[in-house]
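The structure appears below as structure tokens.
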Amino acid sequence: MTKTALVTGITGQDGSYLAELLLTKGYRVVGVVRRSSTTPYERIAHLVDRVELVSADLLDQTSLTDVVQAAAPDEIYNLAAQSFVQTSWNQPVLTGEFTALGVTRMLEALRKAAPKARFYQASSSEQFGKVVETPQRESTPFYPRSPYGVAKVYGHWITVNYRESFGLYAASGILFNHESPRRGLEFVTRKISDAVARIKLGLQHELRLGNLDARRDWGFAGDYVDAMWRMLQQDEPDDYVIGTGETYSVREFCELAFGAVGLDYRNHVVQDEKFFRPAEVDLLVADPSKAREQLGWTPTVNFRQLVEMMVEADLARYRTAR
Ligand code: GDP
């Protein structure tokens, strides 16, 4: 029988990769989009004929309950959020509404309209923030460092709480940073790959960045959506850390990205205080052994391949646009 998946955040990076994966597995995919005067569907332009788009908003309980009722999903993937850390200091209340309370609203919609559906919550390595231990695993205490991280901690715990309170099948994936050519341009990896392409083609000369010493565990988004799906195929719902187990600095990302096109980042990167954060997350690195052992999940793209993939994609995009 065809399974139905409901995906919030389908127009985002992860939503688009997840929709592709679910379609190849034969799912009926229903994507939740927010009404807007423009249609920002570029990431799913190649999929719009094959997915059903329905309108609802994480700020509006009625709309969520109605779309869950109408779609009758077997699986719900809650990927929608205000997902950019820097913005969460400028819009802390809105970030809490979407990224924290939005999860409760989705869980309430599921509880009322599809209590047998399996629920995936997009938790985040930003919950570890000022890390208490290294590497970070499922049992590592949270210490978020931004309104975004705080909101994600709430989303994580309300998912655990609804699982324990109501016996729902609710799982949460604590995903470390995951990137791709579809990453938003505001995130540091894509900001760098885009600038490298522009500098290589003579469209720009310098790149202004903030803290170059921050370290992240960066993986490929296409691998990470596969982990989400695997989590919902287990007999029992649980929480999993997903990452590569390797950590690199923003500076190392720059070195490789500029190096990929024969340039030296030191000739182009300028540090700008504007991009420093009020509180920083200095180091993240996952211990993904539980996911490896229980989900059979391992990443297929390493750091160097990820950097090169992103630079090549941005170069190709600017070349065809010329
Ligand atoms: P995050 O881990 O979700 O905050 O992902 P980002 O890609 O936004 O940031 C990753 C790290 O890169 C953070 O430690 C930032 O402080 C650092 N960083 C340094 N310069 C920049 C910049 O210009 N933009 C962004 N977004 N991050 C930067």
Side-chain angles (χ1 to χ4, degrees), residues 9 12-14 79-92 95 98-100 122-131 134-136 142-153 155-156 173-199 204-221 224 241-244 246-258 265-266 268-286 303 306-307 309-311 314:
Q13 169 188 258
D14 291 7
L79 310 185
Q82 189 304 95
S83 66
F84 187 43
V85 170
Q86 185 90 52
T87 294
S88 76
W89 277 286
N90 305 329
Q91 302 184 344
T95 299
F98 277 118
T99 307
S123 283
S124 163
S125 56
E126 288 292 319
Q127 292 164 203
F128 296 124
K130 189 166 184 230
V131 298
T134 293
Q136 295 84 50
F142 298 138
Y143 191 149
R145 288 277 274 177
S146 62
Y148 169 82
V150 173
K152 279 287 180 188
V153 169
H156 181 87
I174 307 171
L175 270 50
F176 283 60
N177 297 53
H178 43 288
E179 320 296 311
S180 75
R182 299 183 199 169
R183 188 59 142 150
L185 284 163
E186 66 275 32
F187 292 88
V188 77
T189 56
R190 184 74 198 292
K191 184 174 171 184
I192 296 168
S193 67
D194 180 73
V196 165
R198 292 177 59 84
I199 291 169
Q204 161 179 342
H205 181 70
E206 76 175 22
L207 167 61
R208 303 186 86 81
L209 293 174
N211 177 13
L212 300 181
D213 298 314
R215 302 183 73 84
R216 290 290 183 278
D217 179 331
W218 279 295
F220 171 53
Y224 287 45
V241 156
I242 301 296
T244 69
E246 290 182 14
T247 184
Y248 296 93
S249 65
V250 172
R251 188 185 307 281
E252 285 169 302
F253 195 104
C254 288
E255 228 175 286
L256 271 184
F258 280 87
Y265 81 95
R266 288 171 298 190
H268 301 280
V269 171
V270 179
Q271 279 208 319
D272 186 336
E273 281 204 3
K274 197 170 90 189
F275 298 107
F276 281 82
R277 293 173 174 185
E280 179 61 292
V281 173
D282 295 319
L283 165 103
L284 292 174
V285 59
F303 182 64
L306 176 66
V307 175
M309 175 204 301
M310 292 179 70
V311 171
D314 278 317

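Side-chain atoms are counted along with the backbone in the values below, which use heavy atoms only and exclude waters and symmetry mates. In this text the structure is predicted, and so the values were computed from the model without any measurement. For ligands, and for the atoms within them, numbers begin at 1 and follow the listed sequence.
The distance from ligand 1 to the heavy atoms of F275 drops below 4.0 Å at these ligand atoms: 23 (O). Close contacts between ligand 1 and V85 involve ligand atoms 3 (O), 4 (O) [criterion: under 4.0 Å to a heavy atom]. Taking every non-hydrogen atom of A214 and a distance limit under 4.0 Å, the qualifying atoms of ligand 1 come out as 14 (O).
Checked by distance only, ligand 1 and E126 come closer than 3.5 Å through their nitrogen or oxygen atoms. Considering backbone and side-chain N/O atoms, E280 comes within less than 3.5 Å of an N/O atom of ligand 1.
Under a 4.0 Å heavy-atom criterion, F84 is in contact with ligand 1. Under the 4.0 angstrom criterion for non-hydrogen atoms, Q86 is not in contact with ligand 1.
Salt bridge present: R216 and E126 bring a charged side-chain N and a carboxylate O closer than 4.0 Å. Checked for salt-bridge contact, D213 and R251 meet the test: a charged N lies under 4.0 Å from a carboxylate O.
The residue from K191, R198, R190 that alone fulfils the salt bridge (Lys or Arg N to Asp or Glu O under 4.0 Å) condition with D314 is R190.
In terms of protein heavy-atom proximity, atom 5 (O) of ligand 1 is closest to N177 ND2, 3.4 Å. Here the protein heavy atom with the shortest distance to atom 20 (N) of ligand 1 is G210 N, 2.8 Å. In terms of protein heavy-atom proximity, atom 7 (O) of ligand 1 is nearest to V188 N, 2.9 Å. Taking atom 23 (O) of ligand 1 as the reference point, the nearest protein heavy-atom neighbour is K191 NZ, 2.7 Å. Considering only non-hydrogen protein atoms, atom 4 (O) of ligand 1 sits nearest to R277 NH1, 2.5 Å. Residue, atom and distance of the protein heavy atom nearest to atom 26 (N) of ligand 1 are E186 O, 2.9 Å. When hydrogens are left out, the protein atom nearest atom 13 (C) of ligand 1 is R216 NH2, 3.4 Å; that is the closest non-hydrogen contact.
D217 contributes atom CG, which lies 7.5 Å from atom CG of N177 (distance to the nearest 0.5 angstrom).
With a 4.0 Å cut-off on non-hydrogen atoms, L212 does not touch ligand 1 at all.
Closest heavy-atom approach to atom 19 (C) of ligand 1 within the set L209, N211, I192, D282: this belongs to N211.
Aromatic ring orientation, F84 versus F187: perpendicular (interplanar angle above 60°, classes split at 30° and 60°). Using bins of under 30°, 30° to 60° and over 60° for the plane-to-plane angle, the ring pair Y265/F258 lands in the tilted bin.
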Between F253 and F303, is the ring pair (Phe, Tyr, Trp, His ring centres under 6.0 Å) condition met? List the steps. CA-CA 9 Å; F253 195 104; F303 182 64; 5.8 Å; yes
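The closest side-chain donor-acceptor pair between Q127 and S124, if any, does not fall under 3.5 angstrom. When only modelled atom types and interatomic distance are considered, Q13 and S180 share a side-chain donor-acceptor pair under 3.5 Å.
Close placement of the F142 and F128 rings is indicated, their centers lying within 6.0 Å of each other.
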